[in-house]
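Written below as structure tokens is the structure these notes are about.
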Number of protein chains: 2
Amino acid sequence: MKNEERLDKGECKLRILPVQDALEILNGKWKLPIIIALLHGVKRFSEISREVTGITDRMLSKELRDLEMNHLVKRTVYDTFPVTVEYTMTEYGETLKDVIGALYDWGSNHRKKIFNFEKEEEKVNS
Amino acid sequence: MKNEERLDKGECKLRILPVQDALEILNGKWKLPIIIALLHGVKRFSEISREVTGITDRMLSKELRDLEMNHLVKRTVYDTFPVTVEYTMTEYGETLKDVIGALYDWGSNHRKKIFNFEKEEEKVNS
DNA sequence: CAGGATCCTTGAGGATACTG
DNA sequence: CAGTATCCTCAAGGATCCTG
């Protein structure tokens with residue numbers, strides 16, 4: 001029994017570490033929303049800005065740079081006037097689909113749940 | 001074509017919203033690590049503290065309160081001396097397994113990838 | 001043991017204005 | 001259009017000490 005507990009404790013940390021690695025790349029309010037927008041196709045700066053509601057230009061600029069540095073997003077500049085810039089998910093960025101899918105499913109389901117919880121609490125308080 | 005673009009834009013926002021809902025519950029450095037620890041079994045305060053490396057008592061206390069408020073974690077007090085407190089995942093909290101699984105897979109894989117990226121960059125710089 | 005209270009630092013993120 | 005520059009705020013998070 002003691003051995004099992006020890007193993008479990010070690011295994012527990014081993015389970016946490018990769019998740020922390022992932023969180024370090026995806027942290028903040030905006031990275032995942034931006035990624036979702038780009039998973040829906042090549043986008044320009046202003047398009048992302050419109051689709052990720054509430055984000056400021058400054059944050060969008062900064063987050064895109066972060067994502068590019070982590071090889072999740074590719075930035076392509078076209079020599080037009082005025083200059084055109086396109087953002088694309090890299091192949092590697094596409095591997096985030098599963099993460100986003102899971103978060104999407106859970107988040108969707110969560111709305112219903114909150115509703116139920118609130119009803120229960122009303123009962124208790126009446 | 002214009003219609004398709006519009007639909008896609010609307011659909012894009014619809015995809016982002018649930019993820020933002022999820023992020024609002026799970027934000028910060030510590031919530032997911034704590035949840036992972038608890039998915040490995042009932043734990044007491046000090047046990048979580050040991051397994052989630054680096055967290056302070058203050059943060060652990062606060063995050064557990066948040067998670068409890070969101071019905072993800074249950075707190076049980078036993079009338080011993082000194083008092084014993086146990087934290088358990090709720091059934092609802094267990095529904096996060098898929099999210100955590102996806103993040104775990106991606107995070108694990110990411111380490112290998114960084115290694116490759118770094119090797120490529122070495123080549124370029126030589 | 002299981003935290004609460006207090007104080008402090010840092011950085012995420014917002015607002016606004018400006019530029020090639 | 002696609003950002004950069006600047007300034008500012010607030011809250012996440014850390015450090016330390018204290019208690020039933």
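Please read all numbers here as calculations on a predicted model, not as lab measurements. So you know, we letter chains A, B, ... as the sequences are listed, proteins then strands, and number each from 1.
Contact record, A/Glu47 with A/Val42: OE1-O, 4.4 Å, taken as the closest heavy-atom pair. In plain terms, the two heavy atoms of A/Pro33 and B/Leu23 that are nearest each other are CD-CD1, 4.2 Å.
B/Tyr87 comes within contact range of the sugar-phosphate backbone alone, with a heavy-atom separation under 4.0 Å but no base atom that close.
From the 5' end on, the contacts that DNA chain D makes with chain A at under 4.0 Å to a non-hydrogen atom open and close at D/dC1 to D/dT6.
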Footprint string (nucleotides 11-20 of chain C, 5' to 3'): B base within contact, S backbone only, - free, heavy atoms under 4.0 Å: --BBB-----

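Sorted by first then second residue, the salt bridge (charged side-chain N to carboxylate O under 4.0 Å, His left out) pairs that include residues 75-89 of chain B, not counting sequence neighbours, number zero. For residues 92-101 of chain B, the set of pairs meeting the side-chain hydrogen bond (donor to acceptor under 3.5 Å, both in side chains) definition, not counting sequence neighbours, comprises A/Trp106-B/Thr95, A/His110-B/Tyr92, B/Glu94-B/Lys97.
In this structure, the separation between NE2 on B/His71 and CE on B/Met89 is 13.5 Å, given to the nearest 0.5 Å. Taken to the nearest 0.5 Å, the SG atom of A/Cys12 stands 4.0 Å off from the CD atom of B/Glu51. The structure places CG of B/Leu32 at 5.0 Å from CG of B/Leu26, a figure rounded to the nearest 0.5 Å.
Taking the side chain as every heavy atom from C-beta outward, B/Tyr87 and B/Val73 approach each other to under 4.5 Å.
In this structure, the salt bridge (charged side-chain N to carboxylate O under 4.0 Å, His left out) partners of A/Lys62, at least two apart in sequence or on a different chain, are A/Asp66.
No donor-acceptor contact under 3.5 angstrom links the side chains of A/Asn116 and A/Lys112, judged on distance only.
Residue B/Ser46 places at least one side-chain N or O under 4.0 Å from the OP1 or OP2 atom of C/dA2.
Straight-line distance from the CG atom of B/Leu64 to the P atom of C/dG3: 7 Å, rounded to whole Å.
Direction of the helix axis in the helix from C/dC1-D/dG20 to C/dG20-D/dC1 shifts by 50° between the two five-pair termini, rounded to 10°.
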